[in-house]
Amino acid sequence: MRAWNAPGLPVLPVSGPQVVLHDTASGGRVESRPDGPARLYVCGITPYDATHIGHANTYVAFDLLNRAWRSAGHEVRYVQNVTDVDDPLLERADKVGVDWVELAERETELFRKDMEALRVLPPVEYVGAVESIPLVIELIERLEAAGSVYRVDQDLYFSVAADPAFGEESNYDRETMLRLFGERGGDPDRPGKKDPLDCVVWRGERDGEPAWDSPFGPGRPGWHIECAAIALTHLGAAFDVQAGGSDLVFPHHEMCAGHVQVATGESFARVYTHAGMVAYDGEKMSKSLGNLVFVSALRNSDIDPMAIRLALLRHHYRSDWEWTDAHLWRAVDDVAEWRRALALGAGAPAAPVVEELLAALADDLDAPRATAAVDAWVRATLGTDGLADTSDPEAAVTLLPVLDAALGLAL
Ligand code: 5CA
Ligand code: ZN
């Protein structure tokens, strides 16, 4: 699949520190030490509706990782999927009477435009589930060879008991796993399964649903095997970072990890990192609840995408928070103020701001700390708290490319 167009990426005058990340699996901080290009997989959208602020928050968060790695001198190999065939997409297409392929293409295209507007660096491989069916079949065959799949009626299931490390990504107790599995697309109550937590890897053909031929009969991929196969093929096992929103901690990333562990004997990712959930009207913003703020709707009402991006950067990527209009309007004002200070050319000394900004981002992507450093520079430069400091004649020339390269803010 085609990714979106890359924004310009200025070369930094100095390099940033090595990146330290919070790892969901170990619960601690880990310095990521890529050998060769840093390998990143971020779970992509299920394209049945427009990109909302929650999605944007997740992709902007891991865009900071991509940028922080580059600041530290690493090449980055970034892969992302599109779940372009799955239950929620087929259900929505059915409900609104649109062909599911057309719906997926349309919403994926809108997502590309939103990512471009937000200056998110594109993945080098942007891969759909449908085009990956041969990869999925191959991985299921490896799981079969390892004796870890079994049939229930026309469907194939992965036996979680086959993975001795099962549970080590999320660290949830069994009760929590059972609850989340039921809430997030699993079928804990289906009769005939060996363990209620076993997940579908190949869903046999149903009336009215698309299906593809396979050695296991006609059908379509399960959700977790999709990301496992795409990441394994395009990044290899034990890649550097698996990322997504925290709603993917379980079952999605746990099952991906299980599939790859059993098929290859190697771990899936070295580090698992998760962005917090953005709420709206008191609940998690979600397509199924319909409490959504669309990036495209904001863009259509003339909101500067850089203000949307700054509103997101004001929250630490791991925190859960609630989107309000006030966040957006404050960011609109801040962008105007930052631009006013940068337009002066001379300003408060820029070098310490650059150092603090890169240090903050390398420290578990601390964007609130990074943006606070810019706020302080803007106040000093404009003289908001007293006399204006214009002692650095090159301040704006120094800062502008760093804001762009490290924060993705082109001002
Ligand atoms: N296609 C799967 C991943 S393989 C999927 O979860 N698609 S999605 O469209 O539902 O979500 C896309 C990404 O946005 C995921 O990483 C998900 O964790 C994240 N996400 C969804 N809702 C929110 C939210 N309210 N706040 C933050 N991130 C969210
Ligand atoms: Zn995924």
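Every number for a ligand or one of its atoms is a count from 1 in the order of the listing.
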Between ligand 1 and [X], is the shortest N or O to N or O distance under 3.5 Å?
X	value
Trp223	no
Gly245	yes
Asn57	no
Gly54	yes
Ser286	no

Side chain, backbone, both or neither: which part of [X] comes within less than 4.0 Å of ligand 1 when only heavy atoms are counted?
X	answer
Cys227	side chain
Val42	neither
Glu226	neither
Thr58	side chain

Show me which atoms of ligand 1 lie under 4.0 Å from any heavy atom of [X].
X	answer
Thr83	1 (N), 2 (C), 4 (S)
Cys43	3 (C), 4 (S), 16 (O)
Lys284	22 (N), 25 (N)
Gly244	16 (O)

Flag yes if more than 12 heavy atoms outside [X] fall under 6.0 Å of its [atom1] atom; otherwise flag no.
X	atom1	result
Glu125	CD	yes
Arg33	CZ	no
Glu183	CD	yes

### Message
Restricting to non-hydrogen atoms, name the atom on His316 and the atom on Pro368 that form the minimum distance, rounded to 0.1 Å.
### Response
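Smallest heavy-atom distance, with atoms named: N-CG, 3.3 Å.
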
### Task
For Tyr41 and Cys227, work out which heavy atoms get closest and say how close.
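Result for this residue pair: OH-SG, 3.1 Å.
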
### Task
Using the six-membered ring wherever Trp is involved, compare the ring planes of Tyr157 and Tyr150 and label them parallel, tilted or perpendicular (cut-offs 30° and 60°).
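Answer is parallel, since the angle falls under 30°.
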
### Message
Quick check against the 3.5 Å criterion: does Arg220 have a side-chain atom that pairs as donor or acceptor with the backbone of Glu209?
### Response
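Judged by distance alone, no pair lies under 3.5 Å.
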
### Query
Would you say the side-chain atoms of Asn291 pair up with the backbone N or O of Glu283, donor to acceptor, closer than 3.5 Å?
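Present.
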
Looking at ligand 1, is there an atom of it that comes within less than 4.0 Å of some heavy atom belonging to [X]?
X	result
Gly44	yes
Tyr59	yes
Pro47	no
His252	yes
His274	no

#### Entry: Stepwise side-chain hydrogen bond (donor to acceptor under 3.5 Å, both in side chains) test for His55 and Thr58
CA-CA 5 Å; His55 300 136; Thr58 290; over 6 Å; no

### Task
Determine whether the side chains of Glu226 and Thr83 contain a donor N or O and an acceptor N or O closer than 3.5 Å.
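Their side chains do contain a donor-acceptor pair, which is all the 3.5 Å distance test asks for.
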
### Task
Pick, from Asn81, Ile230, Leu248, the option with the minimum heavy-atom distance to atom 15 (C) of ligand 1.
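Checking each option, the heavy atom nearest atom 15 (C) of ligand 1 is found in Leu248.
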
### Message
Please state which option from Arg184, Glu107, His55 has its nearest heavy atom closest to atom 11 (O) of ligand 1.
### Response
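Ranked by closest heavy atom to atom 11 (O) of ligand 1, first place is His55.
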
### Task
Check each of Phe268, Trp223, Tyr272, Phe181 against His252 using the ring pair (Phe, Tyr, Trp, His ring centres under 6.0 Å) test, and report the only one that passes.
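It is Trp223, the one option of Phe268, Trp223, Tyr272, Phe181 that forms the ring pair (Phe, Tyr, Trp, His ring centres under 6.0 Å) with His252.
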
### Query
Within a radius below 2.8 Å of the Zn ion (ligand 2), how many protein N, O or S atoms are present?
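Protein N, O or S neighbours of the Zn ion (ligand 2) under 2.8 Å, waters not counted, come to 3.
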
### Task
Decide yes or no on side chain to side chain contact (heavy atoms under 4.5 Å, CB included) for Val249 and Leu180, but give the supporting numbers first.
CA-CA 10 Å; Val249 171; Leu180 293 177; over 6 Å; no

So, taking the atom named [atom1] in [X] and the one named [atom2] in [Y], what distance separates them when rounded to the nearest 0.5 Å?
X	Y	atom1	atom2	result
Asp173	Thr176	CG	OG1	3.5 Å
Leu382	Trp338	CG	CH2	12.5 Å
Gln242	Cys43	CD	SG	4.5 Å
Asp99	Leu103	CG	CG	8.5 Å

Write out the residue and atom name of the closest protein heavy atom to [atom], then the distance separating them to 0.1 Å.
atom	value
atom 8 (S) of ligand 1	Thr46 N, 3.9 Å
atom 25 (N) of ligand 1	Met285 O, 2.8 Å
atom 17 (C) of ligand 1	Asp247 OD1, 3.5 Å
atom 26 (N) of ligand 1	Val278 N, 2.9 Å
atom 22 (N) of ligand 1	His52 CE1, 3.5 Å

### Query
Of Val19, Thr273, Leu40, Leu65, which meets side chain to side chain contact (heavy atoms under 4.5 Å, CB included) against Ser32?
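Among Val19, Thr273, Leu40, Leu65, the one meeting side chain to side chain contact (heavy atoms under 4.5 Å, CB included) with Ser32 is Val19.
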
### Message
Please determine whether side-chain hydrogen bond (donor to acceptor under 3.5 Å, both in side chains) holds for the pair Gln18 and His74, giving the CA-CA distance in whole Å, both sets of side-chain angles, and the decisive distance to 0.1 Å.
### Response
CA-CA 9 Å; Gln18 292 304 318; His74 299 290; 2.8 Å; yes

